Every structure is written in C-alpha cells, then in structure tokens.
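Written below as structure tokens is the structure these notes are about.
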Amino acid sequence: MPSPSDLASTWFASRNWKPFAFQRSVWAAIQRGESGLLHASTGSGKTYAVWLGALRAFAQLHDARRPAPLQVLWITPMRALASDTARALQAPLDELGLNWTIGVRSGDTTSAERARQARRMPSTLVTTPESLTLLLTREQAAADFASLRLVVVDEWHELLGNKRGVQLQLALARLRRWQPQLVVWGLSATLGNLPHALEVLLPAGGRLVQGRQDKRILVDTLVPSAIERFPWAGHMGLKMLPQVSAEIEASANSLVFTNTRAQAELWYQALLEAHPEWAGLIALHHASLARHARDWVERSLKQGTLKAVVCTSSLDLGVDFLPVERVLQIGSAKGIARLLQRAGRSGHAPGRTSRVTLVPTHSLELVEAAAARQALAAGHIEARYSPRLSMDVLVQHLISMALGSGFRPAELFEEVRSTWAFRDLEESQWQWALSFVRNGGSSLTAYPDYQRVAAHPDGIWRVASERLARRHRLGIGTIVSDASLQLKYWSKGGGGKSLGSVEESFIARLKPGDALLFGGRILELVRVENMTAYVRRSTARKAAVARWNGGRMPLSSELAQALVERLDAAAHGRYEGAEMHAVRPLLTLQASWSALPTQRTLLAETLHSRQGWHLFLYPFAGRMANLGLANLIAWRVSRVQPLSVSIAVNDYGFELLAASPVDWAAHLPAALAADNLLEDVLASLNAGEMALRRFREIAQIAGLVFGGYPAAQKSTRQLQASSGLFYEVFRKHDAGNLLLGQARDEVLREELEIERLHQQLQKMSGLRLDLHALRRPGPLAFALLVEGMRETLSTEKLADRIARMVADLEKAASRTMSDLAGTERRKS
DNA sequence: GACCTGCTGCGGTGTG
C-alpha cells in the first residue's frame, strides 16, 4: 500500500493521468481540515478531487484489516446519481486495496441493506438530502455520525435555490453541532453568483476553488431552409423535423431535449413516423413514464445501443457516466445555465469540446439562438439564490428533530440560526414555530393531531406519539407534486403493466374509447377507477397528446438582455452570424411596419381590429414578470376609464385587448410609473387565489395536510379541500400565522418575480417610449395574437383563424419585402 | 401552410 500522502498520486499514475492543479489544491485543503466549494465544468474530475483527497487525508487513520467507521457522507440530489456515484467511488478503493466500504441510502435501499446499515454504517454513505434528514430522526443518529469527517454535496447548484437546499442547510447544522471540525465540500456547476453559493453552504466561511475552466462549448443552430415559410409563432417546431432527422442520422447517438413532456411525446412520434426503421433505436424519456421504462432507456444509453433519446430535463443530470455525441435543443433554452448544462451532456471528459445545437421553433428564436451564443461567450450565467426563512421547512425540521432523542429549544435555536437561510430568524418567529408544533398555533389548539411535539419536564421536546412520528416520517421532504393517476394496461385478472402517470385533469377530458398518445404509444382509455386509468393498445391514427401542468419557466434576464442587444444591433443594420442573416427579412419587415426594440426604447404598438383595441408592449421581462406588468397596466388604466380587457403574454411581451375604444397611447406614461408597485400589483391580481394555491404546498411541507399512506395516496381534490380549509381557518382566526405570510411572499417572489418586475419598471422609466399604430400585426405582435386566441378557441378553429390571418398578412408581407428589396437594390 | 404548453427532484406504514 502506498504511503498516505502518495495515495492519490499513485492512483492517478496507475491510469496514466496527471492530477490537475485544482485537484491538488483540494487535496491539500482537506488535509488541512478546510472546507470549500469547488466549481468546475462537468466531466472535469471534480469527483476525484474530493474523493482522493478524503482517502489521502483519512484512510491512514484506520487499521487496514478492519472496515473503517463512517467517514464520508456524499449527498446527491438524485437517487440514480447516488448509485452511479457509489460505483465510481468504489474503483479507487479496490485498486488501492483500501478497507473502506461504500453504501447507498435512498428510497431505493432494500430493507436488508437498511438493517445492515442500522447495525453498522459503511465508511462512506451516498445519500439524498431527504434520506439524510430521515437518518437524523433515528434514536442512534448521534452515534451513527460520531466518526464523520467529511460531507460532500454534489451538484450543489441544483439544491442551492430551493427548499431541498434549505432542508440540507438545516441537516448540515445538526451534523456540525455533533462534529464542529466537520469538513464540508460543495461541488457546483457554473453559476452567476458563486460567492453566494459558497456562503450558503459554509456560513462560517470556506474557500472557493476554481476547477478547470478550459471546457470548450460550441453552440450552433439549425437554420430553417426557407425563412419566408417559417412560422412566426408556435413552439412545437415540427417543421424542423427533416433537418433534425438528418442530424440524428449523422451521429452515433444524440440527446434531443424538448421543453415539455407533451412536446417530447410528439417529437418521438413524428421521428418514428418519418423513420420507421428507427423503431427500437430511438427512445423517449420524461418524468411521467414508469420507472422501468426510464431505467431501460438509461441502461441502453449507457450501453450505447440507442441512436437517439427524446427527453425533457429528466436527462439534464444523471447521465454523467455515459457517452453522448450530440445534443439538440428544440425551442428556447430559456437560460444560459440550462444551455450550458445540456451542452455538457456531450464531450463529457476533460479536454473535450461540448456542443449543443439549437433548433428554433419559430422565427424569432433565431435571434434568441444568436443571443444565447453571445451571452455564453460573455459569461453571463444566471444566479441562484437560497430561499430565506421558509417557515414550512422550519416547522417540518422541528418535528424531525423532536423525533429520535428530541431537542432543547435554546440549543436548537442557535443551531438553526447558524444556517444561512435562518440567520435572521427572530426570537418571535422562533417562538411562533415552537408553539405551532406544540399546539397548532392559536387556532388549532383543540385538535390533538396538531399537538405534535410535547415539552417534557426534563426540558426536552419530543414527538407526542408513535402514530404522529410515523406520519411525520412519511412526509419528510419539500417536493410537493400534484396528485396523479397511474396509467396501466387493462387486463381481466386485474391491473396490467404500469406505463406511468397522468394528471387527473387530462384524463377528466377523455371518455372511455378515446385515444391518447402516451409513452410513444397510441392507447385507448378503458376505464378509470381507484386513481388508476386503464388503457389498451389502439389502432387510432389521431390521439389526444397527454398533457401535464408543469412549471412555467420564464426566459432568464440574462438571455432576454442578450436578445435585446441582438435586436438593437439589427435596428442599427448590424447582422452577425448565420441566424441573424437568416432572420433578417423578418426583422426588416418588423422595422418597416413598426420598429425594432432597442436598448434605449420601449416598443409599444397599438392596433384596431375586428376584435377590438389592442396594445402590444415588449418589455422582454420573461412571461411571469410580463404577466404582472400586463395586469398592473390594465388595472391602472381601468381606474381612469372603465375597462374590460383580456391579456395575452409570452416571454417577450404582452397584449392588452379591450372590446371598447381605449386610447392606449394617452394612458401609457402614467401606467408605467414605478411608484406604489407592490400595492398596485397586489390590487391588480387575484393574489388571494394565487396564495391559496401556494399555500397547498406549504401546508403539506409543514405537515398540516397528510398526503396519505404510500398505497393509498390522496387525490388532488382531497388535498386541496383540506389545505383550503386551513387557509380559511388561519385567515379568520389566526391572522398572525406565519405560513400565510409565507404563501404571499412566495407568490410575489416566485410566481410574479416581483423583484424583476420592479427592476423592469425602473429600467423602463429610462427608456424612450416608441409608439407605433399598426395597420396589421407584425412579427412580434402576431405571436401574441395567436397566444390570445388560444385561450378562447378550440385547436381546429385556431388553426383556421391563423391560416386566414396568415393569408392576409402574406400578401402584405411579400409586397413590403419586395418593396424593401427594391429599395436596397436602388441604394446599392 | 403555418395549431397543439409548459421541467426536474424526494420520501414510505402496517399488516387480521
């Protein structure tokens, strides 16, 4: 066995590798007992930087003939990553002849393995934030972690910005109390605010180590062959099918990322229709497919037997250990960090180039593609911020800590305040949380189910009953998903094979006999019972595409800013790159009928049509903030003049449409004022309704609403009903309940992006209003018109209507374009 | 001849 200090070098030498400087510096830091955050691009050797550092620093401390006690805790955000990581960590142990053992602890861990771990922890445990918290609720937790030296938080950027990260912050505080010398290392991809990422992980300080930055990223675009025939709006992008097929054909294996599950289903279907010979060679992957189907795809990808996989962000992570040659992104990537993440799926090894190819789904996405490349080159990556003072997570944590050996309030207060998320927690808020877990706050004192923790005479607070303890363990975690129906094949003897899950609301629109597209198959609904939808294979040609209500990601500020810069350049006649040249005719048309948005102007357009009086405004603030602005302006104008408007938004701007005459131009300057923003936004929206929806999640995290036992999950309606009840009770009888205020704050911060909205208004006040009365909708307005009609019209009627609009526009557009071409010829 | 809207992640009791 090599001497401890040579251990890492020996291993590297055995594979003919040379350690990078950053790896050496991490080894040295761990040796000195320092903590830190390591930032490096994917595939650059982060894992071995910490792992070999740990072996080098700690392995020699133990008798080589006996297994070492728990030394290292390795946290990953995904179960799949946990088992892959465990395998990767095993190799150096075998080669170096070390006696360390590696274990995995997650929801997948078998009961036999759990029992083994209860008797003796492995020397390294790979686990998830949720499983870590569960381990902390055990009676013997302090003994389990008594010998712990190092915690590694893998993919910290994935946890930093959400409540899972907050839960982890609390768990780390607990581990640090037991082990004040604990060394903690975070591994993070590129973020716009790494110092913040470091501070949240290590509030007491740590080093930021920059790993290899020489990853070459190549971003290119599939430019549609005929821009005059390319849609002005839409997001499916199937028009690009032939070009995408050709790219897939030309490489050994590809990942095709789409933005929604329904889009993935449609693309998979379309690719198979165009290339029946690809059956069995291409696959589909998204979060609603059954586990076994996803596992098969991941396995086949690793074995290299698949030509292409159409997927959603379900494959953003977790394919670290497999080779992908080509990455295609259908539609907007929405943000630079996401684009980077996806590009990193290819060329996943030190020194290799990562490449991602953008596939626009409508004309203006060509500008976005050019913008994305430019923003990436300039290093404008989005930031992520930790939530603060999430009272629901705190309430859950208090009960978790009251399990096992219980807690003393004064000690736990200090511990909780040592985290970044709760460092500003006030005594009064703490007291509120304590009383809430003890007696349900001021409104639920009469219900024993909400007297979850009892203070014992010895000063220790413990969970009141075994029944409550069990219920609590079932509800640990901060991910709240909508209840969904299982989708299974119908068979006479009972349930057949599971296909995945669909949303109640989607199935509710179908009746038995209707066809649906799911998991790449056309199926026929047989019946629905017990939260299960039974189906059989169908021969129908047309089918409803399964839809889910997922999150809505707005275009990031960084990407939006880069987009406006590209448009600004175009307004000044500068067109750079293949994308901008391709989209030039369309931008010229926009400039001719109206104007192009620039960095110094705010473009507004008005139009009077058969539908009514339209206003189009383009703040480029992302769809959420745009929606907030739209409501705000509609509300402010309505205070001056009675008004009923309908609103349409996209990532670029919004449309207000009034049925009666409005002089939008006259109202705009006052309506855009940045004063009284918060009050006016709250008044303009149905904030109560939004907060109620948000409260549903909060109530589940805080453990007010029990989601049911694993085999008997409750339906959305049941959960909605009970959380709605709590919401009303608190509002009437316990207005000081901090969970109510949290629901409101989360709506403002996450659903309306109030901060961004505010910045946008201030920015807009410095812009010159560039107002144009349109005679017909231009390219920017067209997308919003389609968006607005979508709400009121069925799909077929919408297609008809668009076809008519396009036919009208077509003539005018080609006339304008040929006029312009003539002018340019004369000029030259 | 242009249409299909929104992602991901975790956890797991008691057995008449």
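What you are looking at is a predicted structure, and each value in this text was computed from that prediction instead of being measured. Here is how names work: the chains are called A, B, and so on, in the same order as the sequence lines, proteins then strands, and each is numbered from 1.
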Tell me whether the side-chain N/O atoms of [X] come closer than 4.0 Å to OP1 or OP2 in [N].
X: Arg261(A); N: dC7(B); answer: yes
X: Arg338(A); N: dT8(B); answer: no
X: Arg105(A); N: dC10(B); answer: no
X: Thr478(A); N: dC10(B); answer: no
X: Ser481(A); N: dC10(B); answer: no

What contact category does [X] fall into here, base, sugar-phosphate, or nothing, at under 4.0 angstrom with non-hydrogen atoms?
X: Leu134(A); value: sugar-phosphate
X: Arg471(A); value: nothing
X: Ala262(A); value: nothing
X: Thr133(A); value: nothing
X: His286(A); value: sugar-phosphate
X: Trp232(A); value: nothing
X: Arg294(A); value: sugar-phosphate

Review point. Between Arg552(A) and Thr128(A), which has a closest nucleotide on DNA chain B that is more 5'?
Key: Arg552(A)
**Study point:** First encountered from the 5' end of DNA chain B, between Arg473(A) and Asn162(A)
**Key:**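 By nearest-heavy-atom nucleotide position, the 5'-most residue is Asn162(A).
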Looking at the side chain of [X], which of [options] is the nearest nucleotide?
X: Arg114(A); options: dC10(B), dG12(B), dT5(B); value: dG12(B)
X: Pro231(A); options: dG12(B), dG9(B), dC3(B); value: dC3(B)
X: Leu266(A); options: dG9(B), dC4(B), dT5(B); value: dC4(B)
X: Thr312(A); options: dC7(B), dG9(B), dC4(B); value: dC7(B)
X: Met236(A); options: dC10(B), dG12(B), dC4(B); value: dC4(B)
X: Glu787(A); options: dT5(B), dG9(B), dC7(B); value: dT5(B)

I need the [atom1]-[atom2] distance between [X] and [N], as an integer number of Å.
X: Leu784(A); N: dC3(B); atom1: CG; atom2: P; value: 15 Å
X: Leu168(A); N: dC10(B); atom1: CG; atom2: C1'; value: 13 Å
X: His397(A); N: dG11(B); atom1: NE2; atom2: P; value: 18 Å
X: Ile701(A); N: dC10(B); atom1: CD1; atom2: P; value: 16 Å
X: Ile330(A); N: dT5(B); atom1: CD1; atom2: P; value: 17 Å
X: Met789(A); N: dC4(B); atom1: CE; atom2: C1'; value: 13 Å
X: Lys334(A); N: dT5(B); atom1: NZ; atom2: P; value: 14 Å
X: Leu135(A); N: dG11(B); atom1: CG; atom2: P; value: 11 Å

Check your understanding: Has His235(A) got its ring stacked on dT5(B), by the test of a centre gap below 5.5 Å and a plane angle below 30°?
Key -> yes
Review point. Do Ser332(A) and Glu368(A) meet the criterion of a side-chain donor-acceptor pair at a distance under 3.5 Å?
Key: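 Checked: Ser332(A)/Glu368(A) side chains pair up, N/O donor to acceptor below 3.5 Å.
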Point to revise | Residue pair Ile698(A) / Lys163(A), side-chain heavy-atom distance below 4.5 Å | key: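 Yes, close enough: below the 4.5 Å cut-off.
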Spacing of [X] atom [atom1] and [Y] atom [atom2] [to the nearest 0.5 Å]:
X: Ser131(A); Y: Leu73(A); atom1: OG; atom2: CG; answer: 10.5 Å
X: His285(A); Y: Arg261(A); atom1: NE2; atom2: CZ; answer: 12.5 Å
X: Phe518(A); Y: Leu487(A); atom1: CZ; atom2: CG; answer: 5.0 Å

Practice item. Would you check if the side chain of Glu655(A) reaches a backbone N or O of Ile647(A) as a donor-acceptor pair within less than 3.5 Å? Key: no
Check your understanding: Under the side-chain hydrogen bond (donor to acceptor under 3.5 Å, both in side chains) test, which residues partner Ser188(A), sequence neighbours left out?
Key -> none
